[in-house]
Amino acid sequence: QVQLVESGGGLVQAGGSLRLSCAASGRTFSSAALGWFRQAPGKEREFVAALSWRRRDSTYYADSMKGRFTISGDNAKNTVYLQMNSLKPEDTAVYYCAAAMTDYSPTSVYARRNVYDYWGQGTQVTVSS
């Protein structure tokens, strides 16, 4: 089992920044990748970014997040971060961290929800205009 706990969400004005954290515990030594997804009210959960531990911390982003969001990880702390800059009201959503136990290549495979085995409870991000 892997437990994931997200933190760092909150209320921010448009143009501001937030840094989300996802702390993993349990069978983390065998996790292949960690990813971030988000879900806005009335919408499906969508991919944000992923980091592959097994592929030398290779990263992959949804096109709409490139240039504004940065995913990074600290393997020693079993923690992955999501730095979000230039936030927009449309970034308002619950942000979820997820862990995949299977190694896939290329890293873009981790954009698919069905490759993840464990999910966190989510952290709310609200961007005011």
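If you're wondering where the values come from, they're calculated on a predicted model, not measured in any experiment. Just the heavy atoms: all of them, side chains too, but no hydrogens, waters or symmetry mates, feed the values below.
When all heavy atoms are compared, the tightest approach of Gln39 to Lys43 is NE2-O, 3.1 Å. Here the closest non-hydrogen pair linking Gly73 and Trp53 is CA-CH2, 3.9 Å. Nearest heavy atoms, Ala33 versus Ser52: CB-CA, 3.9 Å. Nearest heavy atoms, Tyr61 versus Ala49: CD2-CB, 3.6 Å. Of all non-hydrogen atoms in Ser86 and Ser17, the two that sit nearest each other are N-OG, 4.3 Å. Summarising the geometry of Thr79 relative to Ala23, their closest heavy-atom pair is OG1-CA, 4.1 Å, with the distance given to 0.1 Å.
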Under the side chain to side chain contact (heavy atoms under 4.5 Å, CB included) criterion, do Tyr95 and Glu6 qualify, and how do the steps go? CA-CA 8 Å; Tyr95 284 70; Glu6 303 97 334; over 6 Å; no
Applying side chain to side chain contact (heavy atoms under 4.5 Å, CB included) to Ile71 and Val80, what does each step give before you reach the verdict? CA-CA 7 Å; Ile71 188 171; Val80 66; 3.6 Å; yes
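Here the side chains of Cys97 and Trp36 are in contact, with some heavy-atom distance below 4.5 Å. With a 4.5 Å cut-off on side-chain heavy atoms, Val48 and Met84 do not count as touching. Between Arg38 and Thr92, every side-chain heavy-atom pair lies at or beyond the 4.5 Å cut-off. In this structure, the side chains of Arg55 and Asp103 come closer than 4.5 Å at one or more pairs of heavy atoms. When side chains are defined from C-beta on, Trp119 counts as touching Arg113, because their heavy atoms get closer than 4.5 Å. Contact of the Phe69 side chain with the Leu87 side chain is registered, since non-hydrogen atoms from C-beta on lie closer than 4.5 Å.
Between atom OG1 of residue Thr59 and atom CG of residue Leu51 there is a gap of 6.5 Å, rounded to the nearest 0.5 Å. From Ser25, atom OG reaches atom CG of Leu4 across 7.5 Å, with rounding to the nearest 0.5 Å. Between the CG atom in Asn78 and the OG atom in Ser31 there is a gap of 7.0 Å [rounded to 0.5 Å]. Between atom OG1 of residue Thr107 and atom CZ of residue Arg56 there is a gap of 12.0 Å, rounded to the nearest 0.5 Å.
Between Asp91 and Lys88 no salt bridge is recorded (no basic side-chain N to carboxylate O distance below 4.0 Å).
In this structure, Arg45 satisfies the cation-pi test against Tyr96, with its NZ or CZ atom closer than 6.0 Å to the six-membered ring centre and inside 45 degrees of the ring normal.
Residues passing the ring pair (Phe, Tyr, Trp, His ring centres under 6.0 Å) test with Tyr60, sequence neighbours excluded: Phe47. Looking at residues two or more places apart in sequence or on another chain, you find a ring pair (Phe, Tyr, Trp, His ring centres under 6.0 Å) between Tyr104 and Tyr110.
Hydrophobic clustering, defined by side-chain heavy atoms of Ile, Leu, Val, Met, Phe, Trp and Tyr closer than 4.5 Å, leaves Leu11 isolated from every other such residue.
Counting heavy atoms of neighbouring residues, nucleotides and ligands inside a 6.0 Å radius, atom CD of Glu90 exceeds 12 of them.
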